[in-house]
Amino acid sequence: MEPSKRKRGRKHKRPGAGSVGLPSPSNSTSPQAPSSLGRQKKSRRRQDPVINEASDQVDDADASPRVDGESGIDAVVAVDPLSQHPPPRWDQVVRVVPSMDAVVKVFCVHTEPNFSLPWQRKRQYSSSSSGFIISGRRVLTNAHSVEHYTQVKLKKRGSDTKYVATVLAIGTECDIAMLTVENDEFWEGVSPVEFGSLPALQDAVTVVGYPIGGDTISVTSGVVSRMEILSYVHGSTELLGLQIDAAINSGNSGGPAFNDKGKCVGIAFQSLKHDDVENIGYVIPTPVIMHFIQDFEKSGEYTGFPTLGVEWQKMENPDLRKAMGMSSDQKGVRVRRIEPTSPEFHFLKPSDIILSFDGIDIANDGTVPFRHGERIGFSYLVSQKFTGDNAVIKVLRESKVYEFNIKLATHKRLVPAHIRGKPPSYYIIAGFVFAAVSVPYLRSEYGKDYEYDAPVKLLDKHLHVMAQSHNEQLVVISQVLVADINIGYEDIVNTQVLAFNGSPVKNLKSLANMVEDCNEEFLKFDLDYQQIVVLQTKTAKAATLDILATHCISSSMSDDLKT
C-alpha cells in the first residue's frame, strides 16, 4: 500500500496512468480480484521539478524571448500568436470546476489490533487518502481509509492547515465513512458537493483526489464501462458498483467521481490489479452512497445493508423446473439453505421457489429488470431496503403460491468478516490463549492467502457452516504460552474448542465463565480432531498469574468478557 521508494541519483519518472491495486482485506485471493487502495503510506520524497498543476507539464524556462548578453542585440524568437494571450486567472479556473475545492486530503494515523498478541496493538502508521465535503458540515471518504483510526485530519485544497476530524460513522460493508470537523474555519468558502443520478454506460466521469505521485490535487477522466453487482473487497459484500476506465491509484480512495455537469456520481474505492488489464477502476455509485447517508440520518448510526438470509440456486434447467412443479410462465430461484438467525427462517423452507420480491418478478438466473435493456441481480432490490424494513416475498411451494411479509435484517456469520473497530477478544488460562475466529484473525495468522493456508476445518466452517444463534462464535486455542503446567500441549495451534467438561462451547464469553466458575477437580477441553486437554483446576488457576507476569499481560481476559 505504500508507494515504491525512489533511489537516490536516479532521474525522477512520473508514474504511469495504469491503475494500481493495493493489498486490502478480502475474501478473494484470485490474482484478478480488485483491491481497495486508499491508504497511501507516507515516505520521504526528494525535491521534484516544478510542475504546472493545470497541464501537468514541466515549465520550460526557454520558451520566452531572451537577450544575447554578449552582443546586446535582442535574439529573434518565433512565438506562437496564441501564446501571447494572457494565461487564465486561477479564479476563472476555479469557477469552471467549483466542486474541486470541496475535495480534501485525509490524513489518518492507524493502530491496528494484534491478533497474535490480542492484549496489545501493533505499531501505529500513517496514511493519506481523499474525501469530499457534502451538505450538513460532513465529509465522506472510504471506510478502509480510516479503519482502526487513532487520529484523523483533513486539509483543504490550497490550504496549509490540517484540521482534526471526528468520525461519525463507518460503513464497513459499503466501504464509506462519514467525518466532521468542529472548527468553523474549515467550512468557510467551500460549497458542498451535490449528488447526481446514476450514470449510463459511456457517460463521461472525472475522478478527483490526491493519489500517489504528488501532493497536489489530481484529475483523471474516463467513461462508465460497466454497471453490475460487484464484490466490495473491504466489506466482503456484494453491492451495486460502477466500473470506469479512468486511472484510480493509491490515495484516490474516497475521492469523488463527477459527471460532465459537475455532480458527484460516485466514490473511488478499488481497482483491478492484474498483468492482463489496464485502467480498470471501481466506483461506489450514488444509490449506495445515499443509502449510507439516509441510514445514518434515520438512526443516528450506521446499521448496515439487510440481506435475504438465504442461499439460492438458479432454475435455468427445464427438467429441474418441471420437477419443482413450475408452470411454463413461472420463473424464479430455488432456496437451498436458510440462515437460522434470519427472520426468513420462520417463513421460508428449503426447495421453496422465490418468484418475486416486492412485486418484481425474478428470472430463472436470479436477475431482475434494471433500466432500459439491462438486468441486474435481485440482491440489488434487497440492498435498497433498510434494516428493519418489510418486504413482500412470493414463493412457490408444492405447486401452491404463498406470499410472506418479512422484516429484513443484517447477516449474522459464524466467522464474521469484520470486528468493526473493536479490539479482539481473548481468554488465558494456564498459558492456553483462547480466541474467537474472524476473517481478520485468519488473515493475520495465515496472510492474504488464508483461504489456501488456513486449516481445512476452519475454512469449511468459515465458508459453509451457518451460525445457529446470534451470539455463536468459533472458539479456538490460538497458541500456548509455554510453561511447566502445559508440557506436552505446546504444539496446539488454532484448534477449535468443542466442549468444556462436557458442556458445548457456544462463544468465548461462555467458555471463560465456565472455566472461572469451575469447582471440579479437572479442567477438560474437548478439541477438534478428537484431541483433549486436561488440567488440574487449582494448579491451572495458580499458574495463570505467573504466566501473565512472565509475558507482561495485564489481564487474563479482554474487557468485553468482564462485563
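All figures in this text were calculated on a predicted structure; none of them were measured in a lab.
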Is there a side-chain contact between [X] and [Y] in this structure, where contact means two heavy atoms from C-beta onward sitting under 4.5 Å apart?
{"X": "His291", "Y": "Cys174", "value": "no"}
{"X": "Lys562", "Y": "Met557", "value": "yes"}
{"X": "Asn142", "Y": "Ile284", "value": "yes"}
{"X": "Asp352", "Y": "Ile338", "value": "no"}
{"X": "Leu240", "Y": "Ser383", "value": "no"}
{"X": "Phe432", "Y": "Val497", "value": "no"}
{"X": "Leu272", "Y": "Tyr282", "value": "yes"}
{"X": "Ser555", "Y": "Tyr426", "value": "yes"}

Between [X] (side chain only) and [Y] (backbone N and O only), is there a donor and an acceptor less than 3.5 Å apart?
{"X": "Thr180", "Y": "Arg137", "answer": "yes"}
{"X": "Asn183", "Y": "Val164", "answer": "no"}
{"X": "Thr237", "Y": "Glu173", "answer": "yes"}
{"X": "Asn252", "Y": "Asn249", "answer": "yes"}
{"X": "Arg420", "Y": "Thr172", "answer": "no"}
{"X": "Ser444", "Y": "Pro440", "answer": "no"}
{"X": "Gln479", "Y": "Ser116", "answer": "yes"}
{"X": "Thr495", "Y": "Ile492", "answer": "no"}
{"X": "Asn513", "Y": "Lys509", "answer": "yes"}
{"X": "Ser438", "Y": "Pro416", "answer": "no"}

Indicate the atoms forming the closest heavy-atom contact of [X] with [Y], along with that distance.
{"X": "Tyr232", "Y": "Pro285", "result": "OH-CD, 3.8 Å"}
{"X": "Asn486", "Y": "Ala430", "result": "ND2-O, 3.0 Å"}
{"X": "Ile547", "Y": "Gly431", "result": "CD1-N, 3.4 Å"}
{"X": "Phe107", "Y": "Ser128", "result": "CD2-CB, 4.3 Å"}
{"X": "Ile289", "Y": "Gly266", "result": "CD1-CA, 3.8 Å"}
{"X": "Ser231", "Y": "Gln270", "result": "O-NE2, 3.1 Å"}

Exercise. Evaluate the ring planes of Tyr302 and Phe292, with Trp represented by its six-membered ring, and classify them as parallel (under 30°), tilted (30 to 60°) or perpendicular (over 60°).
Key: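 Judged by the thresholds at 30° and 60°, the geometry between Tyr302 and Phe292 is tilted.
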Practice problem: Report the relative orientation of the aromatic rings in Trp312 and Phe378; use parallel for angles under 30°, tilted for 30 to 60°, perpendicular for over 60°. | Solution: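 Plane angle between 30° and 60°, so tilted.
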Review item, side-chain donor-acceptor pairs of residues 531-541, under 3.5 Å, at least two apart:
from, atom 1, to, atom 2, distance (Å)
Gln536, OE1, Thr539, OG1, 3.1
Thr537, OG1, Glu520, O, 2.7
Thr537, OG1, Glu521, O, 3.0
Thr537, OG1, Phe522, N, 3.4
Lys541, NZ, Val515, O, 3.4
Lys541, NZ, Glu516, O, 3.2
Lys541, NZ, Cys518, O, 3.4

Looking at [X], I want to see if its [atom1] is surrounded by more than 12 non-hydrogen atoms of other residues, nucleotides or ligands under 6.0 Å.
{"X": "Arg226", "atom1": "CZ", "value": "no"}
{"X": "Asp484", "atom1": "CG", "value": "no"}
{"X": "Lys385", "atom1": "NZ", "value": "yes"}
{"X": "Tyr149", "atom1": "OH", "value": "no"}

Which value, rounded to the nearest 0.5 Å, describes the distance between [X] atom [atom1] and [Y] atom [atom2]?
{"X": "Phe186", "Y": "Leu154", "atom1": "CZ", "atom2": "CG", "answer": "4.5 Å"}
{"X": "Ser554", "Y": "Asp559", "atom1": "OG", "atom2": "CG", "answer": "8.0 Å"}
{"X": "Arg121", "Y": "Thr150", "atom1": "CZ", "atom2": "OG1", "answer": "7.0 Å"}
{"X": "Asp175", "Y": "Leu239", "atom1": "CG", "atom2": "CG", "answer": "10.0 Å"}
{"X": "Arg413", "Y": "Thr307", "atom1": "CZ", "atom2": "OG1", "answer": "9.0 Å"}
{"X": "Ile553", "Y": "Trp119", "atom1": "CD1", "atom2": "CH2", "answer": "4.0 Å"}

Quiz item: What do you reckon, are the aromatic ring centroids of Phe434 and Phe525 less than 6.0 Å apart?
Solution: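 Under 6.0 Å, so yes.
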Quiz prompt | Worked check of side-chain contact (heavy atoms from CB on, under 4.5 Å) between Met178 and Leu140 | solution = CA-CA 5 Å; Met178 182 183 293; Leu140 292 185; 4.1 Å; yes
Practice problem: Not counting sequence neighbours, list each pair that qualifies as a ring-ring contact (aromatic ring centres under 6.0 Å, His included) and has a residue in residues 529-563. | Solution: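 Output for this query is empty, none listed.
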Quiz prompt | Residue list, salt bridge (Lys or Arg N to Asp or Glu O under 4.0 Å) with Asp528, at least two apart or on another chain | solution =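 Salt bridge (Lys or Arg N to Asp or Glu O under 4.0 Å) check on Asp528 returns Lys457, Lys461.
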Quiz item: Taking it one step at a time, do Glu339 and Leu308 satisfy side-chain contact (heavy atoms from CB on, under 4.5 Å)?
Solution: CA-CA 9 Å; Glu339 293 279 356; Leu308 198 55; over 6 Å; no
Exercise. For the pair Phe305 and His411, evaluate ring-ring contact (aromatic ring centres under 6.0 Å, His included) and give the outcome as yes or no after the intermediate values.
Key: CA-CA 9 Å; Phe305 286 72; His411 184 43; over 10 Å; no
Extract all donor-acceptor atom pairs below 3.5 Å that involve side chains of residues 470-477 and protein atoms in other chains or at least two apart in sequence.
from, atom 1, to, atom 2, distance (Å)
His470, NE2, Thr341, O, 3.4
Asn471, OD1, Ser469, OG, 2.9
Glu472, OE1, Gln468, N, 2.6
Gln473, OE1, Leu508, N, 3.0

Quiz item: Looking just at side-chain N and O atoms, do Ser253 and Ser145 make a donor-acceptor pair shorter than 3.5 Å?
Solution: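 Looking only at side-chain atoms, Ser145 and Ser253 do not form any donor-acceptor pair under 3.5 Å.
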Quiz item: Just checking, is any N or O donor in the side chain of Ser127 or His110 under 3.5 Å from an acceptor N or O on the other one?
Solution: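 Distance-only check passes for Ser127 and His110.
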Quiz item: Should Glu445 and Asn494 be marked as a side-chain contact (heavy atoms from CB on, under 4.5 Å) after you check the CA-CA gap, both sets of side-chain angles, and the distance that decides it?
Solution: CA-CA 9 Å; Glu445 291 288 299; Asn494 290 328; 3.1 Å; yes
Quiz item: Could you give all pairs that pass the salt bridge (Lys or Arg N to Asp or Glu O under 4.0 Å) test and reach residues 296-307, with sequence neighbours left out?
Solution: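 Residue pairs with at least one partner in residues 296-307: Arg138-Glu297.
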Quiz item: Can you list every pair that meets salt bridge (Lys or Arg N to Asp or Glu O under 4.0 Å) and has a residue in residues 495-504, with sequence neighbours left out?
Solution: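 Checked against salt bridge (Lys or Arg N to Asp or Glu O under 4.0 Å) - neighbours excluded - no pair reaches residues 495-504.
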Quiz prompt | CA sep, side-chain torsions, deciding dist, call: Val152, Thr141, side-chain contact (heavy atoms from CB on, under 4.5 Å) | solution = CA-CA 11 Å; Val152 181; Thr141 186; over 6 Å; no
